[in-house]
Amino acid sequence: MKKVFFISFLTALLTGTSVFVYQQYRLTPQESDFSHIWKTNRKLPEKIAMDAYLTSVIARKEKNIPKLLESYERVLKKDPNNLSVLKDFYVYAQFNGTPQITLDYLDKIPQELRPVLFCDYLKATYLFSQNSNKLDTFLKQKKYQKHDDVILPILYSWISAQNNNKAEAIQHLKPIQEKTYLIGYQEFLLGEYFQDSELKDKGLEKIQNKKLPALGFFPLLKKHAQQKTPWEKTALYEQFQKMETLYPATSDIIQSFGQSDLTAQKGLAEMFYLLSADGTSGLFSKEEAVFLNSIALFLQPDKAVALIWGAELNQDFDFPYIALEYYKKIPNKSATLLFKEASNLLLNNQSDEAEKIMENLEKTNQESIPLLTLMGQNYTDKKEYQKALNIYNRLIPLLQKNPQNQPLAEAYLARANLYQQNNQHHLMLNDLEQAQILMPEDAMLKNNIGYHYLQIGKIDEGFKLIESAYFKNPQDPYILDSMAFAYYKKNQAKVALPLAEKALNLMPQNALINMHLGDIYQANGRNREALFQYKKALDLKEDLTPKTKEEIQEKINQIALKNT
């Protein structure tokens, strides 16, 4: 039996604009310092905000984090010591990029959780933003946390900068001297802040040959490098070209309106963001990256690179609703960012709004492979098959110019499904065969082509392909069904029977498997069992064309006639 291939629209993100490999995380992280945060009993006593709790249950299911936070905050206003709700409220606020809503509750979070949740650093940055004289006292009383050896020197450095003490700011960096790239960028920013060209040169020398994550103050870095040598001849230029390829959305942002007005608060925000985004160092986990980036946004809510990174992190954790909110906050979006916003709109089932963005983008990006891929999938999902077919007819020639097996094969498969919807079976089979040339070892593709060969009478060719697929994956119910159907077509119904029964055991609610088993029962003279399977197939109805339903009804009528 043919298993229908559908291409996820996230394929578009993976064919030229992906920033990081998208891994799907469950709502509850399992292997991290955060595990125990999530394993809490969230039942609340009836006396406190049961309506808010029930709303939060729905919001969690919908992954609607802003709605969830509103519900939790209503609970906490009635019961501010409810630790179970407080922990979730804090964690989700960080994912949402709104840590400021937790400030009134920070001191209530138990000491054992504070290092994991970066609570002390959130409070410290709050005091820093207020230029409070309480900050120094608070930091001296703060208990040790595992990342203090990196974060504290940077924090103290910017406290000194805020107090206009350059020598002290530089002195605070000594504990991170071995982290060449990090200290180099820190020195460059301090040099810019104090208008010290020599300090900027020192920092530039340390970072120019290092891999660049997306730096919010890159325009300043570029400007200073140009003063020393032509830009295209610098090591930084080569690194920036790599960044453009890997992180197109962020490179668009920093070229369009990268930061140039450096304050102490923005400098500290940049360093929290950089620690969060520098995934190559392995210093912080993805969960910790969320918290650090959230602190950066607390210090500077309009920080464009941090908004992009926050969106990417939330996509990794399968929170498309929050990712979309991050994208919406970014002003003057480039084509790449608009594309990402459209992708997240589709993930949030807002296809009409996404379609408007994509159709506007397509006017000036008619040969964008990721965009056409996304549009084709969207039209297919909306059952606008002719529109989808038109898109794939444009997409496939573009992919053929610089063929990469996987994207081109997936485009052929997507178009094959559209041809099937239009009953253009010859064209469908041709696309399946083209896909198989690109993916010769794909068992399911062999199975699909083999099944169609059986249907058009190419029994030996079909049997050979299905048999090859069966040897690769003998437990797949679709392949088992095809193998049984192939033996049936070769008039070997006794051999076919155990394969068909096994396929049904693995997938009992599939109409075609029931129909094929009915055919095989009938060929083995077991008409009563065949009649049962035919009727069950009609009851299920799935995957059955009107013509197939008529054929099954005719078989039922023939068995009834024999029994009279």
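Computed from a predicted model, the values in this text were never measured in an experiment. Note: hydrogens, waters and symmetry copies are ignored here, and every other heavy atom, side chains too, is used.
The aromatic rings of Phe118 and His147 sit parallel to each other, their planes meeting at less than 30°, with 60° as the upper class boundary. Classification of the Tyr185-Tyr181 ring pair by plane angle, with boundaries at 30° and 60°, yields parallel.
Side-chain N or O atoms of Thr98 include none that pairs as donor or acceptor with a backbone N or O of Ile101 at under 3.5 Å. Glu238 contributes no side-chain N or O that, together with a main-chain N or O of Ala235, makes up a donor-acceptor pair within less than 3.5 Å. Proximity of a side-chain donor or acceptor of Thr380 to a complementary backbone N or O of Gly376 within less than 3.5 Å is detected. In this structure, Asn348 contributes its side chain and Pro320 its backbone to a donor-acceptor pair below 3.5 Å. Within the 3.5 Å criterion, the main-chain N or O of Ala306 finds a donor-acceptor partner in the side chain of Asn293. For Asn96 (side chain) and Tyr92 (main-chain N/O), no donor-acceptor pair under 3.5 Å exists by modelled atom type. The closest donor-acceptor contact from the side chain of Tyr90 to the backbone of Leu117 lies under 3.5 Å. For Asn378 (side chain) and Leu374 (main-chain N/O), no donor-acceptor pair under 3.5 Å exists by modelled atom type. A donor-acceptor pair under 3.5 Å links the side-chain atoms of Tyr193 to the main chain of Ala161, judged by distance alone. Proximity of a side-chain donor or acceptor of Asp476 to a complementary backbone N or O of Tyr478 within less than 3.5 Å is detected.
Checked by atom type, the side-chain pair Gln241/Tyr237 shows a donor-acceptor distance below 3.5 Å. For the residue pair Gln315 and Asn344, a side-chain donor N or O sits within less than 3.5 Å of a side-chain acceptor on the partner. Side chains of Gln421 and Asn417: no donor on one and acceptor on the other come within 3.5 Å. No hydrogens or angles considered: nothing links the side chains of Thr263 and Gln265 as a donor-acceptor pair under 3.5 Å.
Interatomic distance, CG of Leu173 versus NZ of Lys179, reported as 13.0 Å (0.5 Å rounding). The OG atom of Ser157 sits 12.0 Å away from atom CG of Leu152, with the distance rounded to the nearest 0.5 Å. Rounding to the nearest 0.5 Å gives a distance of 13.0 Å between OG1 of Thr336 and CD of Glu341. Atom OH of Tyr392 sits about 6.5 Å away from atom OG1 of Thr373, to the nearest 0.5 Å. To the nearest 0.5 Å, atoms CG (Leu432) and CD1 (Ile437) are separated by 11.5 Å.
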*Check the pair Asp316 / Lys286 against side chain to side chain contact (heavy atoms under 4.5 Å, CB included), numbers first and verdict last.*
CA-CA 9 Å; Asp316 280 357; Lys286 274 289 181 74; 2.5 Å; yes
*Tell me, with the steps shown, if Glu73 and Leu69 meet side chain to side chain contact (heavy atoms under 4.5 Å, CB included).*
CA-CA 6 Å; Glu73 196 162 15; Leu69 289 171; over 6 Å; no
*Please step through side chain to side chain contact (heavy atoms under 4.5 Å, CB included) for the pair Leu292 and Ile151, ending with a clear verdict.*
CA-CA 10 Å; Leu292 290 168; Ile151 300 178; 4.0 Å; yes
*Under the side chain to side chain contact (heavy atoms under 4.5 Å, CB included) rule, what do Leu297 and Gln100 come out as? Steps first, then yes or no, please.*
CA-CA 10 Å; Leu297 287 169; Gln100 61 273 16; over 6 Å; no
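Taking every heavy atom of both residues into account, Gly310 and Tyr326 meet most closely at CA-CE2, 3.8 Å. The heavy-atom pair separating Lys363 from Gln366 by the smallest distance is O-NE2, 3.7 Å. The heavy-atom pair separating Ala354 from Ala342 by the smallest distance is CB-O, 3.5 Å. In terms of heavy atoms, Lys303 sits closest to Tyr273 at CE-CB, 3.8 Å.
The environment of Lys328 atom NZ is dense: over 12 non-hydrogen atoms of other residues, nucleotides or ligands sit within 6.0 angstrom. Summarising the local packing, CD of Glu198 is surrounded by 12 or fewer heavy atoms from other residues, nucleotides or ligands at distances under 6.0 Å. Sparse packing is recorded around CD of Glu205, with 12 or fewer heavy atoms of other residues, nucleotides or ligands lying under 6.0 Å away.
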Can you give each donor-acceptor pair under 3.5 Å made by side-chain atoms of residues 215-229, sequence neighbours left out, with the distance rounded to 0.1 Å?
| unit_1 | atom_1 | unit_2 | atom_2 | d |
| --- | --- | --- | --- | --- |
| His224 | NE2 | Asp201 | OD1 | 2.6 |
| Lys228 | NZ | Asp201 | OD1 | 3.4 |
| Lys228 | NZ | Asp201 | OD2 | 3.2 |

Cut-off 3.5 Å, no hydrogens considered: what does the side-chain donor-acceptor table look like for residues 121-129, sequence neighbours left out?
| unit_1 | atom_1 | unit_2 | atom_2 | d |
| --- | --- | --- | --- | --- |
| Tyr121 | OH | Asp148 | OD1 | 2.5 |
| Lys123 | NZ | Asp107 | OD1 | 3.1 |
| Lys123 | NZ | Asp107 | OD2 | 3.4 |
| Thr125 | OG1 | Tyr121 | O | 3.0 |
| Thr125 | OG1 | Leu122 | O | 2.8 |
| Ser129 | OG | Thr125 | O | 3.4 |
| Ser129 | OG | Tyr126 | O | 2.6 |

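Residues satisfying the salt bridge (Lys or Arg N to Asp or Glu O under 4.0 Å) test with Asp196, not counting sequence neighbours, are Lys166. Remark: Glu362 engages Arg394 in a salt bridge (Lys or Arg N to Asp or Glu O under 4.0 Å) (not counting sequence neighbours). With sequence neighbours left out, Lys206 forms a salt bridge (Lys or Arg N to Asp or Glu O under 4.0 Å) with Glu187.
Using a 4.5 Å cut-off on side-chain heavy atoms (C-beta onward), Gln386 and Tyr379 make no contact. Residues Leu275 and Leu182 are in side-chain contact: their nearest non-hydrogen atoms beyond the backbone lie under 4.5 Å apart. Looking at Val91 and Val290, their side chains never come closer than 4.5 Å, going by heavy atoms from C-beta outward. Between Leu189 and Trp158 the shortest side-chain heavy-atom distance falls below 4.5 Å. For the pair His425/Met428, a side-chain contact is recorded, criterion being any heavy-atom separation below 4.5 Å from C-beta on.
Applying the salt bridge (charged side-chain N to carboxylate O under 4.0 Å, His left out) test to residues at least two apart or on different chains, the pairs with a partner in residues 383-392 are Lys382-Glu384, Glu384-Lys387.
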